[in-house]
Amino acid sequence: MTMKKIISGGIITLIILGCTQDKKPSNLLPSQETEVLTPVSSVQINKDKNTVRERFSPPKDYQWQEEKPDSFGYFIENFTLKPYGSQILRYDGSPISTQHLHEAVFDIDTGNKDLQQCADAVIRLQAEYLYKIKKEDDIKFHFTSGHLVSWNDYKNGTRAFVNGNSVSFRKTAGFDNSYQNFRSYLDLIFNYAGTISLNKETKPVLKSSDLKTGDILITPGSPGHVVFIAGVCQNKEGKKLFLLGEGFTPAQSIHLLSNPFQKNISPWYDFDINAPETKTARYIFNPTNFRSF
């Protein structure tokens, strides 16, 4: 559990912004604490491959949906994975207790502080994508309070200052476009952003047929949770299935979930965007709320 800072109505308060808290919310699945049998799937997993798209074959009669090479979806599907069987590790390097609900671990650092949780994992991937394709003008995120903080301002030396009931921004550092400074910027965003701000920064997806890799399923709140679509496959009739990735609390490895509810197609998920609720391996989203950048 971690305490994140919220600036709301000009008052600084400490509130739990992660995906869980000491008193577990009702939509956190019991399997988070109770070991279950590893799902048996007929889907081929290419354990020697090291990207999402290469490692996970679609179920029979389905094909991977193509993504444009410069898209966020392409970035995620071709993201490097750690070797098959890698554990989910906390920010301090220790393994989490639940190691039976994921099929892959993304090869990206978590940082050494309890910051990169569920919404932050999505923010991290989006920011890394924009950084990679050199669209740095588009790297900007809101604090939960509504304050917008851009990478351009941060790399030019602008810093956020909290003083009593106010937040101000002043230039106090020189220009620094290094990746190390970029990570410092992201840690600042992780500290003050969350599912509430991420929900406001995205737009609703209203049809299942419109869902694509990079879209998110989110419950905004304190605590809330979010997962992201890490891959999409489709059959000749147009029906889609989806891979899901997430971060979690405490800050831990970004990972790809198994599907304990449909073992025959795991780790793929079959979604109905109009369903009143959607179950994922570690969380129940109620209501179902898909959104897109």
Treating Ile, Leu, Val, Met, Phe, Trp and Tyr as nodes and any side-chain heavy-atom pair under 4.5 angstrom as an edge, say whether I45 and F106 lie in one connected cluster. yes
Are F72 and I189 joined in one hydrophobic group, where the rule is that I, L, V, M, F, W and Y side chains link up if heavy atoms are under 4.5 Å apart? yes
Taking [X] for the side chain and [Y] for the main chain, is one N or O donor matched with an acceptor at less than 3.5 Å?
X	Y	result
N235	G238	yes
W268	L244	no
N181	D176	yes
S86	V105	no
T195	G221	yes
K140	L148	no
N78	Y74	yes
S266	K263	no
N191	D187	no
E201	H142	yes

Less than 4.5 Å apart, side chain to side chain, heavy atoms only: is that true for [X] and [Y]?
X	Y	result
D114	F190	no
Y84	R55	yes
R170	T158	no
N46	S57	yes
I216	V227	no
L241	Y62	yes
V122	R124	no

Kindly assign one of parallel, tilted or perpendicular to the pair [X] and [Y], based on the angle between their ring planes and the thresholds 30° and 60°.
X	Y	answer
Y185	F141	tilted
Y179	F182	tilted
H147	F169	tilted
H255	H102	perpendicular
F242	F271	parallel

Exercise: do [X] and [Y] side chains pair donor with acceptor under 3.5 Å:
X	Y	answer
D92	N112	no
T288	N274	no
N259	Q262	yes
T110	Q116	no
N289	N199	yes

For D270 and K239, what are the C-alpha separation, side-chain angles and deciding distance, and is it a salt bridge (charged side-chain N to carboxylate O under 4.0 Å, His left out)? CA-CA 9 Å; D270 181 4; K239 182 176 177 57; 2.9 Å; yes
Taking it one step at a time, do L243 and Y269 satisfy side-chain contact (heavy atoms from CB on, under 4.5 Å)? CA-CA 6 Å; L243 297 173; Y269 281 77; over 6 Å; no
K171 atom NZ: more than 12 heavy-atom contacts under 6.0 Å: yes
Exceeds 12 heavy-atom contacts within 6.0 angstrom, atom CD of Q180: no
With a distance cut-off below 6.0 Å to the six-membered ring centre and an angular limit of 45° from the axis, does R282 pair with F248 as a cation-pi contact? yes
Checking R159 against Y154: charged group under 6.0 Å from the ring centre and within 45 degrees of the axis? yes
Using salt bridge (charged side-chain N to carboxylate O under 4.0 Å, His left out), reason through D210 and K240 one step at a time and then give a plain yes or no. CA-CA 10 Å; D210 290 339; K240 293 182 177 181; over 6 Å; no
Nearest heavy atoms of F75 and L125, plus distance in Å: CE2-O, 3.5 Å
Between the CG atom in D138 and the OG atom in S150, the distance rounded to the nearest 0.5 Å is 10.5 Å
What is the distance from atom OG1 of T213 to atom CD of E66, rounded to the nearest 0.5 Å? 10.5 Å
Start with the C-alpha distance between K155 and E136, add both sets of side-chain angles, then the distance that settles salt bridge (charged side-chain N to carboxylate O under 4.0 Å, His left out), and finish with yes or no. CA-CA 10 Å; K155 72 182 179 184; E136 297 187 27; 2.9 Å; yes
Dump the intermediate steps for side-chain hydrogen bond (donor to acceptor under 3.5 Å, both in side chains) on S292 and K212, then the final yes or no. CA-CA 9 Å; S292 179; K212 63 185 184 303; 2.8 Å; yes
Short N-O contact, D109 and R183, less than 4.0 angstrom: yes
F161 vs T172, side-chain contact (heavy atoms from CB on, under 4.5 Å): CA-CA, chis, key distance, verdict: CA-CA 10 Å; F161 291 88; T172 60; 3.6 Å; yes
R53 and E77: CA distance, side-chain angles, deciding distance, salt bridge (charged side-chain N to carboxylate O under 4.0 Å, His left out) verdict: CA-CA 5 Å; R53 187 180 178 100; E77 289 177 1; 3.3 Å; yes
